[in-house]
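Input: a single structure, listed below in structure tokens.
Here the structure is a predicted model, which means the values were calculated and not measured.
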Amino acid sequence: MGPNFGSDTAETTIGNSTYNSLQVTLRHTSGPLQLLAAYTYSKSLDQSSNLGEEVNPLNPSLSKALSTFDMTQNFVVSYSYQIPLKRLFRVKNNWTDGWELSGITRFTTGLPVRLINYGDNSLLGAEPNGINNFGVDEPDVTAGPLALNHNPRNGQPYFNPSLFSENALGTPGNASRRYFHGPGMANFDMALLKNLRLSESQSLQFRLEAFNVFNHAQFFGPQAVDGNIGSATFGQVVNAAAPRLAQVGAKFTF
């Protein structure tokens, strides 16, 4: 709107959100194995997921979209297995007793891609101000296949950027701020433990832990795909989760 215009602040209750889900949990214990599995199928919608997202002041329904944290499917398994070395070697001592393998495995669909058009083509004056990091302007989108790239390692765009353009002057843009999801995740965290009983009240535990143990490239996260229409990397996968991390540790209990 330019430096010659001021602003007036108005506050009103115009937002709402919905969350619906199917949640299933399975717990199983059998001898040395403990297993816990959880599955969620869900959908979350809102007009703003955080303080950084402004809501269209003239028509709040135009801001309604998938929540920034929406994940359609999420499956997590955690387990613990007491390794029976004493049975394999038929010897019970401090070397064969107390070994344990544990881990967490997660398969999930991706988080929504946030489409952004910085600026004020809508002429609403709702520009980012340091607190509200996103305005209400969205790109324009034309009908066509998104052609989502399910193998981001190939370096191709994650979605078809040619479908999108800057919103026309005086309009907020016809694309929803979030309406499709980014890459998902298939992650394995594992730990090998050795528990050593020192006395009735004292024990020592050694741990070898690995996160993303198979070093699988994880293009997962709210900023994984660039949804800024003004960016040279619009439509590209620009962020990845951490590679394999390993650590060793010890714990003394008394």
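Between the side chain of Asn167 and the backbone N or O of Asp140, no donor-acceptor pair lies under 3.5 Å. At least one donor-acceptor pair closer than 3.5 Å links the side chain of Ser48 to the backbone N or O of Glu53. Judged by distance alone, with hydrogens and angles left aside, the side-chain atoms of Asn160 form no donor-acceptor pair with the main-chain N or O of Ala147 at under 3.5 Å. Within the 3.5 Å criterion, the main-chain N or O of Glu100 finds no donor-acceptor partner in the side chain of Lys194. Side chain of Asn215 to main chain of Pro243: no donor-acceptor pair is present (N/O by atom type, distance under 3.5 Å, no hydrogens or angles). Arg177 places a side-chain N or O within 3.5 Å of a backbone atom of Gln47 that can act as its donor or acceptor partner. Under the 3.5 Å distance criterion, the side-chain polar atoms of Arg27 are left unmatched by any main-chain donor or acceptor of Leu36. Without hydrogens or angle criteria, Asp226 side chain to Gln236 main chain gives no donor-acceptor distance under 3.5 Å. Side-chain atoms of Ser63 come within 3.5 Å of backbone atoms of Asn56 as a donor-acceptor pair (strictly under, hydrogens ignored). Asn117 places no side-chain N or O within donor-acceptor distance of the main-chain N or O of Gly230, the cut-off being under 3.5 Å.
With hydrophobic clusters built from ILVMFWY side chains whose heavy atoms lie under 4.5 angstrom apart, Met71 does not share a cluster with Tyr179. When the side chains of ILVMFWY residues are joined at heavy-atom separations under 4.5 Å, either directly or via intervening members, Phe214 and Leu101 end up in a single hydrophobic cluster. Val213 and Tyr81 fall within a single hydrophobic cluster, where Ile, Leu, Val, Met, Phe, Trp and Tyr side chains are chained together by heavy-atom contacts under 4.5 Å. Under the 4.5 Å side-chain heavy-atom criterion for grouping Ile, Leu, Val, Met, Phe, Trp and Tyr, Leu196 is not connected to Trp99 through any hydrophobic cluster. Under the 4.5 Å side-chain heavy-atom criterion for grouping Ile, Leu, Val, Met, Phe, Trp and Tyr, Ile83 is not connected to Phe206 through any hydrophobic cluster.
Within the 4.5 Å cutoff, the side chain of Tyr19 has heavy atoms near those of the Ser21 side chain. Within the 4.5 Å cutoff, side-chain heavy atoms of Phe180 are placed close to those of Val113. Looking at heavy atoms from C-beta onward, Arg178 lies in side-chain contact with Asp46 at the 4.5 angstrom threshold. Taking the side chain as every heavy atom from C-beta outward, Phe219 and Asn149 never approach each other to under 4.5 Å. With a 4.5 Å cut-off on side-chain heavy atoms, Gln73 and Thr109 count as touching. Between Pro183 and Val225, some side-chain heavy-atom pair lies under the 4.5 Å cut-off. Looking at Arg153 and Val237, their side chains never come closer than 4.5 Å, going by heavy atoms from C-beta outward. Proximity of Gln223 to Val238: side-chain heavy atoms (C-beta onward) are nowhere separated by under 4.5 Å.
Here the straight-line distance linking atom CG of Asn195 with atom CD of Gln82 works out to 7.0 Å at 0.5 Å rounding. A distance of 8.5 Å separates CG of Asn187 from NE2 of His216, quoted to the nearest 0.5 Å. Atom CD of residue Glu209 and atom CD of residue Gln247 lie 4.5 Å apart, to the nearest 0.5 angstrom. How far CZ of Phe211 is from CG of Leu245: 7.5 Å, rounded to the nearest 0.5 Å. In this structure, Asn121 CG and Glu138 CD are separated by 12.0 Å, a value rounded to the nearest 0.5 Å. Here OG of Ser102 is found 7.0 Å from OH of Tyr79. Values are rounded to the nearest 0.5 Å.
Pairing each heavy atom of Leu115 with each of Pro139, the nearest pair is CB-CD, 4.1 Å. Across every non-hydrogen atom of His181 and Asp70, the tightest pair is NE2-OD2, 2.8 Å. For the pair Val55 and Ile14, the tightest heavy-atom approach, listed with the atom from each and the gap, is CG1-CD1, 3.9 Å. The minimum heavy-atom distance between Val141 and Asn174, with the atom names listed, is N-OD1, 2.7 Å. Closest heavy-atom contact between Gly227 and Phe234: O-CE1, 3.4 Å. The minimum heavy-atom distance linking Leu163 with Ala143 is given by the pair CD2-O, 4.1 Å.
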From CA spacing to verdict: side chain to side chain contact (heavy atoms under 4.5 Å, CB included), Ile229, Ser231: CA-CA 6 Å; Ile229 186 68; Ser231 170; over 6 Å; no
Worked verdict on Arg114 versus Asn228 for side chain to side chain contact (heavy atoms under 4.5 Å, CB included): CA-CA 8 Å; Arg114 174 64 163 96; Asn228 178 9; over 6 Å; no
Worked check of side chain to side chain contact (heavy atoms under 4.5 Å, CB included) between Gln205 and Thr253: CA-CA 8 Å; Gln205 182 185 81; Thr253 304; over 6 Å; no
Residues Asn20, Lys43; criterion side chain to side chain contact (heavy atoms under 4.5 Å, CB included); working and verdict: CA-CA 6 Å; Asn20 296 281; Lys43 187 172 187 178; 5.7 Å; no
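Of the N and O atoms on the side chains of Ser67 and Ser44, at least one donor lies less than 3.5 Å from an acceptor on the other residue. A donor and an acceptor atom, one from each side chain of Asn74 and Thr40, are nowhere located under 3.5 Å apart.
Taking the six-membered ring for Trp and the full ring otherwise, the centers of Phe188 and Phe107 sit less than 6.0 Å from each other. With ring centers used as reference points, Phe254 lies under 6.0 Å from Phe252. Note: Phe159 and Phe164 meet the aromatic proximity criterion, with ring centroids under 6.0 Å apart.
Counted within 6.0 Å of CZ on Phe75, heavy atoms from surrounding residues, nucleotides or ligands total more than 12; the atom is thus considered enclosed.
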